[in-house]
Colleague: 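Below: one structure in structure tokens.
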Amino acid sequence: MERKAFWKLAASSMIVAATMVGCSGAALQSHAGLASSKAEKSGAANVQAAEKALAARDAVRAVASAEAAVASDTENASYRAILGRAYLLSGRFQSAESALADAMTLGNRDPRTIVNLALVKTALGNNTQAHDLLAAQMDVLPAADYGLAMAMAGDTNEAIRVLGQAIHDPAAGVRERQNLAYSYALAGRWNEARQMAQMDMAPLAAAQRVM
């Protein structure tokens, strides 16, 4: 898939805000403790700024704030994950892959981190790595995200299998159905893609969305 088209699909479907990261309010008396507390507050403030920038789709500000957060605590897995999302928003795929991989190495197993890392690997042409990552983490991923990410990694059969089951769950909604429509489209199954999209959209709008 051409990168610009890939990114439009990924951004419209899967990039969402992550949970805000807080900081400890414990008061320490030592100079080192005060310095640590100051760094934590600075990191938390930068994370909040990065989250706001991500929500506003402001890649430049998101990257600057996330980089400052990581600089304040290089071992914080959540900060690394936010930095990866900021790089992803800015289209810096290799930097995003490194930051998200670091986040997972440091212990972050948030579904958004896993899915975004898979998206980056796909964007870089490493479809097999993306597929293996998703398969290994299937149990912790929402079906809507797992299915579309797997389709984008090239395994449309697996995506359609999982999403085809997911849409029958009473809790399923538009996201599961539209991601199944995308997966059908990526598999070249145009009639099924349009039919699925029409469950939530007017026929003409559904056809335009699928194409």
Side-chain angles (χ1 to χ4, degrees), residues 3-4 6-127 129-130 132-134 136-137 140-142 145-146 148-149 152-153:
R3 281 194 179 187
K4 185 176 181 182
F6 170 92
W7 178 239
K8 284 184 177 179
L9 178 57
S12 67
S13 305
M14 307 180 75
I15 305 302
V16 292
T19 304
M20 299 288 271
V21 177
C23 65
S24 171
L28 302 176
Q29 298 303 313
S30 69
H31 178 75
L34 290 173
S36 176
S37 178
K38 183 177 180 180
E40 287 176 0
K41 290 179 180 178
S42 174
N46 281 308
V47 164
Q48 291 178 359
E51 291 286 3
K52 290 180 180 178
L54 285 167
R57 316 294 295 174
D58 184 343
V60 173
R61 187 159 58 92
V63 168
S65 297
E67 286 180 338
V70 169
S72 71
D73 185 354
T74 58
E75 299 300 310
N76 190 304
S78 295
Y79 291 5
R80 294 275 181 177
I82 292 169
L83 179 59
R85 289 168 49 219
Y87 284 143
L88 186 55
L89 180 63
S90 69
R92 296 167 59 179
F93 295 137
Q94 291 182 329
S95 295
E97 181 182 34
S98 178
L100 292 166
D102 286 345
M104 291 195 66
T105 298
L106 290 170
N108 186 292
R109 289 296 184 274
D110 185 274
R112 295 181 183 92
T113 300
I114 298 166
V115 169
N116 284 341
L117 181 54
L119 283 174
V120 171
K121 289 182 179 298
T122 300
L124 292 172
N126 299 321
N127 291 37
Q129 292 181 20
D132 292 348
L133 172 65
L134 293 165
Q137 302 293 333
V140 301
L141 297 176
D145 288 350
Y146 170 84
L148 185 56
M152 295 172 76

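All of these numbers come straight from a predicted model, not from anything done at the bench.
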Colleague: Looking only at heavy atoms, which two atoms of A77 and L106 are closest? And how far apart?
Modeller: CB-CB, 3.6 Å

Colleague: Quick one: CG on D110 to CE on M104, what's the gap to the nearest 0.5 Å?
Modeller: 10.0 Å

Colleague: First locate atom CG of L89, then atom CZ of R57, and finally report the distance between them rounded to the nearest 0.5 Å.
Modeller: 5.0 Å

Colleague: Do S98 and Y87 pass the side chain to side chain contact (heavy atoms under 4.5 Å, CB included) test, and can you show the C-alpha distance, the side-chain angles, and the key distance before you say yes or no?
Modeller: CA-CA 10 Å; S98 178; Y87 284 143; over 6 Å; no

Colleague: Would you check if S78 and N108 make a side-chain contact, meaning some heavy-atom pair closer than 4.5 Å?
Modeller: yes

Colleague: Roughly how far, to the nearest 0.5 Å, is CG of L119 from CZ of R112?
Modeller: 13.5 Å

Colleague: Rounded to the nearest 0.5 Å, what separation is found between the CG atom of D132 and the CG atom of N127?
Modeller: 11.0 Å

Colleague: So, for G43 and A69, which heavy atoms are closest and what is the spacing to 0.1 Å?
Modeller: O-CB, 3.9 Å

Colleague: Taking the side chain from N126 and the backbone from Q129, do they hold a donor-acceptor pair closer than 3.5 Å?
Modeller: no

Colleague: Please report the shortest heavy-atom distance between Y79 and A44, naming the atom on each side.
Modeller: OH-N, 3.5 Å

Colleague: Pick out which of T105, L100, D73, D102 makes a side chain to side chain contact (heavy atoms under 4.5 Å, CB included) with R80.
Modeller: D102

Colleague: Can you find a pair of side-chain heavy atoms, one from E51 and one from V47, that are under 4.5 Å apart?
Modeller: yes

Colleague: Distance-only, no hydrogens or angles: does the T122 side chain make a donor-acceptor pair with backbone N or O of A118 under 3.5 Å?
Modeller: yes

Colleague: Could you measure the distance from the CG atom of D145 to the CD atom of Q137? Nearest 0.5 Å is fine.
Modeller: 13.5 Å

Colleague: Going by the rule side chain to side chain contact (heavy atoms under 4.5 Å, CB included), which residues pair with A68 if we only count those two or more places apart in sequence or in a different chain?
Modeller: N46

Colleague: Minimum heavy-atom separation for A86 and V63, please, with both atom names.
Modeller: O-CG2, 3.6 Å

Colleague: Could you tell me if the side chain of L117 sits less than 4.5 Å from the side chain of I114, heavy atoms only?
Modeller: no

Colleague: To the nearest 0.5 Å, what is the distance between CG (L54) and CZ (R61)?
Modeller: 9.0 Å

Colleague: Give the minimum heavy-atom separation between A49 and S65, together with the two atoms involved.
Modeller: CB-OG, 3.5 Å

Colleague: Identify the heavy atoms of L141 and V115 that sit nearest to each other, and give their distance.
Modeller: CD2-CG2, 3.7 Å

